[in-house]
Amino acid sequence: EWRAMPLVLLCMCAGAALSSAVHLSESCVVATIAMFVSYIVILTAMLCTHPRAWRPVNYFGSIWAGGYFIALHSMPAHALEDTCFGEYEDYEEWRTWQMFYSVSMALFLAFSEVDRVRYEGAQRESDELRKGYTGSVRDASCSSADDAASIRAEIDGCSDEVDRTVQVLTSAGMSTASLREAAERGVDLEMFSTSSIAFRAIVVGRPGKNTSSTPHHDHLLLAVSITNLLLGLIWIIIQITGRRDVQTWSYLVAQKTIVVGVWPLILLVLALWVGGALPTTQMLLLVEIWSSFGWLLVVLLSWAHINRVARLPWIGRRLAQFYAARSPGALRKVWAPAKGQPCGSTSSASSASSPEETEFSSTDESQNSSGARDAAAAPSRSLWPSPSL
C-alpha cells in the first residue's frame, strides 16, 4: 500500500510549485479562509470510502496542502501591516498555528491514500469471506461425509451462536463478545477493524501552546494545557495496551470527536481572534479548554467500549453507530431504526460480561480446522468464514 505515497507527494510538490508561481495573497484573512477549506477537505477524505471519490479527494487535498504550506512559509513579517493583529507576537502565534495545521493536513492526506489502498484490500477480503455464505453454518458443505457428520455433531445445539459469531466476523473483520453485543443492539460494524493511520498525523501535527505572548501568571491556562496533555497520553496508552477491538474503537472515537466535534469550534475561535474579537490569551484558553473536553470524552468512551455505549438508553445505539461508522452509508444509519443481528441474542449478556475476550479476526482463517465445540464455548475463536466446513 505504500506504493500509493509517491504520487501524493508529487501532488504536494505540484501545489507548492503552483503557489510559488502565482504568488497567492499574503492576507491573514484569506489564509484563515483557506484553513476552513482545508478542514472540509480533511473531513471529506475521512468519511469518503468510495475509491472513485476517495482518490481524487486525496490528490486535490495534497495539491492544496502543498500550496497552503508554501504560501504561509513565504508570507513575510511585513504582512502584519495588512492584518487585524495589533502586535507582532499575535501574528507569529497565528502563523505558527497555521504552519502546524498545513503540515498535519499534508501528513493526513498522504497517509489517507495508504488507508484507501488498505480499505480496498480489506473490502476484497470481506467479499471473499461472504462468497457463497448463506447466513448459517447449517447450509455448509464438506468434502468428507465423515468430517461433516463429526463437525455437525460438535456444533449441535449451538449453531445459532456460531452463526452470530460468523456474521460479526464477515461484517467487522473480527469477532469479540463486545462487538457481538453491539451488533445485536443494532450497531452496523461494517469494516470496523480496517486499520487506519491517517488520523494519527493530525494528533502529531497539533501545535503546542506558544507562551511568548501570554502572561506568565496565567496559571489556569497552564493547568488546562497540562490536563489536555495528560488526557492525550491516556489515549495513547489505550492505543498501545488495549485489545485490537479496544484500540480500533478508541481510534474511531478520537477521530470523530476531534475532527467533527473539537476542530470546528477551534476554527471558529481562531476566526474571531483574527478578526480582533478575542485577545490572544482568551483564544488560547478557549482552544485548550475545548480540546480538554474533547479528550475527556474520548477517554471516557474508550474506557466504556462500544458495547457499554450501545447499552445507554435512548442515545446508546445511535452514539455507538456514529463512532463505528466507516462510510457515509453507515453514518446515515445513525438515524435509521435499529436492526440487530438476525440470530438469537440469548447469550449476548453473558458473553459480553466475560472478563476475558478471545479475539477472532478474518486473518486467522488458517486455524479453521480447530474443534467446533471449543468455538461455541468461546465464540470469538476461529470458525467458518466460507460455506465449506
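Counting begins at 1 with the first residue of the sequence. None of the values given here were measured: they were computed from a predicted structure. What's counted below: heavy atoms across the whole structure, side chains too, no hydrogens, waters or symmetry copies.
Judged by distance alone, the side chain of S291 and the main-chain N or O of V287 form a donor-acceptor pair under 3.5 Å. Judged by distance alone, with hydrogens and angles left aside, the side-chain atoms of K256 form a donor-acceptor pair with the main-chain N or O of F322 at under 3.5 Å. Judged purely by atom type and a 3.5 angstrom limit, W235 uses its side chain to pair as donor or acceptor with the backbone of S250. Judged by distance alone, with hydrogens and angles left aside, the side-chain atoms of R317 form no donor-acceptor pair with the main-chain N or O of A310 at under 3.5 Å. With S19 contributing its side chain and A16 its backbone, the two residues share no donor-acceptor pair below 3.5 Å. Between the side chain of E288 and the main chain of L221, no donor-acceptor pair closer than 3.5 Å is present. A donor-acceptor pair under 3.5 Å links the side-chain atoms of Q247 to the main chain of G242, judged by distance alone. Distance alone, capped at 3.5 Å, is enough to place a donor-acceptor pair between the D115 side chain and the A198 backbone. Although no hydrogens or angles enter the test, the distance criterion places no donor-acceptor pair under 3.5 Å between the side chain of E190 and the main chain of R326.
Two residues are said to be in side-chain contact when any heavy atoms from C-beta on lie closer than 4.5 Å; R311 and E181 meet this criterion. Counting heavy atoms from C-beta outward, V41 and M105 have side chains that approach closer than 4.5 Å. The side-chain heavy atoms of L179 and T176, taken from C-beta on, include a pair separated by under 4.5 Å. Looking only at side-chain heavy atoms (C-beta outward), I306 and L189 come within less than 4.5 Å of each other. Within the 4.5 Å cutoff, the side chain of M174 has no heavy atoms near those of the V168 side chain. Side-chain atoms of W249 and F192, non-hydrogen and from C-beta on, do get closer than 4.5 Å to each other. The shortest distance between side-chain heavy atoms of S102 and I70 does not fall below 4.5 Å. Contact annotation: the side chain of L220 approaches that of V224 to within less than 4.5 Å [non-hydrogen atoms, C-beta and beyond].
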Walk me through whether Y119 and W54 qualify under side chain to side chain contact (heavy atoms under 4.5 Å, CB included).
CA-CA 11 Å; Y119 185 89; W54 196 349; 3.7 Å; yes

If you apply the rule side chain to side chain contact (heavy atoms under 4.5 Å, CB included), what do you find for R308 with W303, and how did you get there?
CA-CA 9 Å; R308 296 189 184 95; W303 172 80; 5.6 Å; no

Carefully, step by step, assess Y323 and T257 under the rule side-chain hydrogen bond (donor to acceptor under 3.5 Å, both in side chains).
CA-CA 8 Å; Y323 282 113; T257 300; 3.0 Å; yes

Steps toward side chain to side chain contact (heavy atoms under 4.5 Å, CB included) verdict (R243, S178):
CA-CA 11 Å; R243 298 186 313 269; S178 301; 4.1 Å; yes

Where do V298 and W295 land on the side chain to side chain contact (heavy atoms under 4.5 Å, CB included) test, with the steps shown first?
CA-CA 5 Å; V298 168; W295 280 115; 4.2 Å; yes

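In this structure, Y251 is a member of the same hydrophobic cluster as I236, with clusters built from ILVMFWY side-chain heavy atoms closer than 4.5 Å. In the hydrophobic clustering of ILVMFWY residues, with side-chain heavy atoms under 4.5 Å counting as a link, F108 and F36 come out together. L47 and W335 fall within a single hydrophobic cluster, where Ile, Leu, Val, Met, Phe, Trp and Tyr side chains are chained together by heavy-atom contacts under 4.5 Å. Cluster annotation: L10 and M5 are assigned to the same hydrophobic cluster (Ile/Leu/Val/Met/Phe/Trp/Tyr, side-chain heavy-atom contacts under 4.5 Å, transitive). Taken together through direct or relayed side-chain contacts under 4.5 Å among Ile, Leu, Val, Met, Phe, Trp and Tyr, L43 and Y59 form part of one hydrophobic cluster.
Looking at W64 and S38, their side chains do bring a donor and an acceptor atom within 3.5 Å of each other.
In plain terms, the two heavy atoms of G173 and S193 that are nearest each other are CA-OG, 3.4 Å. The shortest non-hydrogen separation linking L109 to V8 is O-CG1, 4.1 Å.
Remark: E184 does not engage R180 in a salt bridge, criterion side-chain N to carboxylate O under 4.0 Å.
Ring orientation note: the planes of Y39 and W263 are tilted relative to one another, at an angle of 30° to 60°.
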